[in-house]
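What's counted below: heavy atoms across the whole structure, side chains too, no hydrogens, waters or symmetry copies.
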Amino acid sequence: MNYTRNELLTAEATMNQMRNAIYHLARFMKRNNVQDIKIRLRIMGKNIARTYIEYWKPVNLINLDNIREFIATLYKNILNSNVSVELNEIDKLLIVHDTNCALCKYDYDDIDIAGCEILLGLVSEYINLINGTSRQSTILTTEPVKVQESKTYGNNSCVHIFKYNIGEGS
């Protein structure tokens with residue numbers, strides 16, 4: 001059965017296939033001596049955001065007042081995951097805690113990369129795409145920092161760190 005991308009947004013499918021595909025891909029890249037697997041996964045996430053935003057844009061502007069709610073909505077709608085989001089205004093960091101990460105369910109002995117690296121690219125690109133069209137005088141942009149914890153590494157949850165900046169808009 002063939003689905004359009006718009007139909008896929010409303011279709012329910014398990015994350016098992018996605019998670020398995022990520023780890024098979026990571027193993028393949030490792031076997032072929034690819035050195036920048038994290039970067040490649042983040043680029044995949046950015047590409048997913050660029051496509052996904054064409055079909056679903058939940059807000060027109062993201063700022064410090066709604067960033068936590070936006071990220072929680074993004075994780076819920078794309079991954080069916082409930083997350084908590086901390087805002088560290090001193091270091092300008094967003095810290096996402098996901099106790100049920102759909103992409104990192106198991107601790108793999110043969111893999112040293114977290115599948116949720118994809119999410120670092122996806123989340124930051126989604127925010128930047130939405131705010132990139134803003135006519136506000138200052139806009140919030142984000143960039144991925146790191147996966148601090150992951151179930152893939154044996155942790156109890158996944159923790160994603162993003163850096164944010166508030167700069168001049170268009």
Side-chain angles (χ1 to χ4, degrees), residues 15 18-19 21-23 25-26 29-30 34-53 56-59 61-132 134 136 138-169:
M15 288 304 288
M18 178 71 162
R19 182 176 53 247
I22 292 167
Y23 290 105
L25 177 63
M29 289 191 284
K30 187 176 178 181
V34 174
Q35 301 300 312
D36 55 353
I37 297 173
K38 284 182 183 181
I39 292 168
R40 289 175 186 258
L41 291 177
R42 290 179 187 182
I43 290 169
M44 286 174 60
K46 284 182 172 189
N47 290 336
I48 291 168
R50 290 178 188 139
T51 298
Y52 215 93
I53 199 167
W56 182 65
K57 185 178 173 187
V59 295
L61 178 67
I62 302 164
N63 55 39
L64 290 181
D65 294 330
N66 68 354
I67 186 81
R68 287 183 280 244
E69 181 182 347
F70 172 78
I71 290 174
T73 300
L74 196 66
Y75 276 76
K76 182 65 177 169
N77 284 304
I78 294 177
L79 299 164
N80 197 28
S81 190
N82 294 315
V83 298
S84 64
V85 182
E86 286 180 55
L87 183 64
N88 177 333
E89 292 188 55
I90 295 169
D91 297 322
K92 294 189 175 184
L93 296 176
L94 296 161
I95 305 159
V96 180
H97 298 268
D98 191 347
T99 57
N100 194 26
C101 181
L103 301 178
C104 298
K105 192 170 181 178
Y106 306 108
D107 179 4
Y108 295 104
D109 293 335
D110 64 330
I111 274 302
D112 58 355
I113 189 132
C116 56
E117 287 288 347
I118 287 176
L119 298 177
L120 270 70
L122 185 144
V123 172
S124 61
E125 184 71 3
Y126 224 105
I127 292 167
N128 296 342
L129 288 169
I130 288 173
N131 283 351
S134 171
Q136 296 288 318
T138 58
I139 58 168
L140 182 139
T141 58
T142 57
E143 62 183 79
V145 174
K146 67 180 177 178
V147 173
Q148 183 171 309
E149 295 179 12
S150 172
K151 288 185 173 188
T152 304
Y153 302 149
N155 301 109
N156 292 328
S157 63
C158 291
V159 178
H160 309 143
I161 311 287
F162 302 89
K163 183 92 174 155
Y164 72 86
N165 185 42
I166 299 177
E168 294 300 313

**Report entry** Interatomic distance, K30 atom NZ to I113 atom CD1 [nearest 0.5 angstrom]
**Finding:** 10.0 Å
Requested in this report: For a side chain to side chain contact (heavy atoms under 4.5 Å, CB included) with I127, tell me which candidate from T141, I67, L122 qualifies.
Outcome: I67
**Report entry** Interatomic spacing from CD1 in I95 to CZ in F162 - rounded to 0.5 Å
**Finding:** 11.0 Å
Show the atom names and distances, to 0.1 Å, of all donor-acceptor pairs under 3.5 Å that link a side chain in residues 41-49 to residues at least two apart or in another chain.
unit_1: R42; atom_1: NE; unit_2: E117; atom_2: OE1; d: 2.8
unit_1: R42; atom_1: NH2; unit_2: E117; atom_2: OE1; d: 3.0
unit_1: R42; atom_1: NH2; unit_2: V145; atom_2: O; d: 3.4
unit_1: N47; atom_1: OD1; unit_2: R50; atom_2: NH1; d: 3.0
unit_1: N47; atom_1: ND2; unit_2: I43; atom_2: O; d: 3.4

Query raised in the report: Is there side-chain contact between V96 and L119, with at least one heavy-atom pair below 4.5 Å?
Result: no
Report summary line: So SG of C101 and OH of Y75: to nearest 0.5 Å the spacing works out to 7.5 Å
Query raised in the report: Is L87 atom CG crowded by more than 12 heavy atoms from other residues, nucleotides or ligands, each under 6.0 Å away?
Result: yes
Query raised in the report: What is the minimum heavy-atom distance between V83 and A72, and which atoms define it?
Result: CG2-CA, 3.8 Å
Requested in this report: Would you indicate whether N156, at its atom CG, is surrounded by more than 12 heavy atoms from other residues, nucleotides or ligands within a distance under 6.0 Å?
Outcome: no
Query - V85 versus R68, closest heavy-atom pair with distance - result: O-CD, 3.2 Å
Query - Atom pair CZ/CD of R40 and Q35 - distance to nearest 0.5 Å - result: 10.0 Å
Requested in this report: Specify the closest pair of heavy atoms between P144 and S124, including all atoms of both residues, with the distance to one decimal.
Outcome: CD-OG, 3.4 Å
Query raised in the report: Looking just at side-chain N and O atoms, do N80 and K76 make a donor-acceptor pair shorter than 3.5 Å?
Result: yes
Requested in this report: Verify, without hydrogens or angle tests, whether N88 (side chain) and D91 (backbone) share a donor-acceptor contact under 3.5 angstrom.
Outcome: yes
Query raised in the report: In Å, rounded to the nearest 0.5 Å, how long is the span from CG of L140 to CG of L61?
Result: 8.5 Å
Query raised in the report: Heavy-atom distance under 4.5 Å between the side chains of I161 and L94, does that happen here?
Result: no
**Report entry** Check: K163 and L93 side chains under 4.5 Å, non-hydrogen atoms
**Finding:** yes
Query - pair N63-F70: side-chain heavy atoms closer than 4.5 Å - result: no
Query - Listed partners of I53 passing side-chain contact (heavy atoms from CB on, under 4.5 Å), at least two apart - result: K57, Y126, L129, I130
Query raised in the report: Between E89 and L64, is any pair of side-chain heavy atoms under 4.5 Å apart?
Result: yes
**Report entry** Non-hydrogen atoms of C104 and S150 that approach each other most closely
**Finding:** SG-OG, 3.4 Å
Query raised in the report: Could you state the interatomic distance from CG (L79) to CG (L74), rounded to the nearest 0.5 Å?
Result: 7.5 Å
Requested in this report: Answer yes or no: is there a donor N or O on one side and an acceptor on the other, between the side chain of K151 and the main chain of A114, under 3.5 Å?
Outcome: no
